[in-house]
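Reading through the structure tokens given below for one structure.
Whatever order the structure lists them in is the order used to number ligands and atoms, beginning at 1.
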Amino acid sequence: MTKILITGAGGQLGSELTDALVSKYGSDAVIASDINEQARSLFPGAIFETLDVTDHLAMKALLEKHQISQIYHLAAILSATAEKKPLLAWQINMDSLLSILELAREKKLEKVYWPSSIAVFGPNSPRTHTPQNCIQEPQTAYGISKQAGERWCNYYFQKYGVDVRSLRYPGLIGYKSLPGGGTTDYAVDIYHHAVRKTPFTCFLKEDTALPMMYMPDAIRATMELMDAPKERIKIRSSYNISSLSFTPKEIFRSILMHNPKFEITYCPDFRQEIADGWPQSIDDSDAVADWGWKPAYDLPRMTQDMLANLTLK
Ligand code: SER
């Protein structure tokens, strides 16, 4: 029987992926975990466990207690926080992944999911339509941890046959929960300001293009990757995946169509440098060819949906 453990379930991605997995497999089959006990309230009726992912023995005990067969390992420190706390970022992003890959090998888990990021690329990578394989050379602590994590995923697949699958997410945008400590967070925050009718100060310059994705697309991509037959998954580091690419000015203009009085000012901070080292758009032809990836949302459709849902909230 499928039994899924989600780490970092209280986070931006986790809170939505947990709901999607509960809908697919049922509430008895999904164990949501987070280091933050307050995340429990996000999942009424679901099984919740407090878990520090850097505690190998606690994780092992949890796998045994619930007879876990699949792990979605989402707990991580994002890019902006990682620049301020690089050692903590390495410990949380890397030690916990190794711990999970080891447990997956030892316990012969069916599947593992682990998110990578566009942050694996750096200033020497092609900036537009960044290919799956090219010079990476990430210059952020977060990017270094994701790049190394990808190598470990590939290693555990090649050497031990651990069925680990991964996506290089772009910036994720959703209305159900807030991101924390990322460089792409502005693209969520801007909608909250638009709905509250307060002016928005953007921490990136107006012409900074970054790859982005609306949460329903990100959840569907994750489920489709995890559901694909094993032989279709040809990349065991992490797949490039693409949907939208826009600048702060472009997202602002898409909001103006709904809220003509909305105001923005630009006040770039240290996150500008992070964004300047990342791709502007991504070539995801391997994901398209291997398991049929196709995004559904464009910027106008996402803006309309974000504003409608945040207004309801
Ligand atoms: N959205 C992430 C960040 O900004 C990138 O993976 O850190």
Query raised in the report: Is it true that the NZ or CZ of Arg165 lies under 6.0 Å from the centre of Tyr113's six-membered ring and within 45 degrees of the ring axis?
Result: no

**Report entry** Stacked cation flag Arg40 on Phe48, 6.0 angstrom / 45 deg
**Finding:** no

Report task. For atom 7 (O) of ligand 1, find the nearest protein heavy atom and state the residue, atom name and distance (0.1 Å precision). Result -> Ser79 OG, 2.6 Å

Requested in this report: For ligand 1, note which part of Trp278 has a heavy atom under 4.0 Å away: side chain, backbone, both or neither.
Outcome: side chain

Report task. Around atom 1 (N) of ligand 1, find the nearest protein heavy atom and jot down its residue, atom name and distance. Result -> Thr184 OG1, 2.8 Å

Query raised in the report: Which atoms of ligand 1 sit under 4.0 Å from any heavy atom of Tyr142?
Result: 5 (C), 6 (O), 7 (O)

Report task. State the atoms of ligand 1, each with its element, that fall below the 4.0 Å cut-off from a heavy-atom position in Gly182. Result -> 3 (C), 4 (O), 7 (O)

**Report entry** Test of proximity, Asp185 against ligand 1: N or O pairs below 3.5 Å
**Finding:** no

Query raised in the report: What protein heavy atom is closest to atom 4 (O) of ligand 1, reported as residue, atom name and distance in Å?
Result: Thr183 N, 2.6 Å

Requested in this report: Report the distance from atom CH2 of Trp291 to atom CD of Glu224, rounding to the nearest 0.5 Å.
Outcome: 6.5 Å

Report task. Please check if atom CG in Leu312 has more than 12 non-hydrogen atoms from other residues, nucleotides or ligands closer than 6.0 Å. Result -> yes

Query - Ser117-ligand 1 polar pair, N/O distance under 3.5 Å - result: yes

Requested in this report: Working to the nearest 0.5 Å, report the span between CE of Met213 and OH of Tyr297.
Outcome: 12.5 Å

Query raised in the report: Which ligand 1 atoms does Leu78 reach within 4.0 Å, using its non-hydrogen atoms?
Result: 7 (O)

Query raised in the report: Would you call Arg236 and Glu150 a salt bridge, using N to O less than 4.0 angstrom?
Result: no

Requested in this report: Look at the aromatic rings of Phe246 and Tyr186 and report parallel, tilted or perpendicular, splitting at 30° and 60°.
Outcome: perpendicular

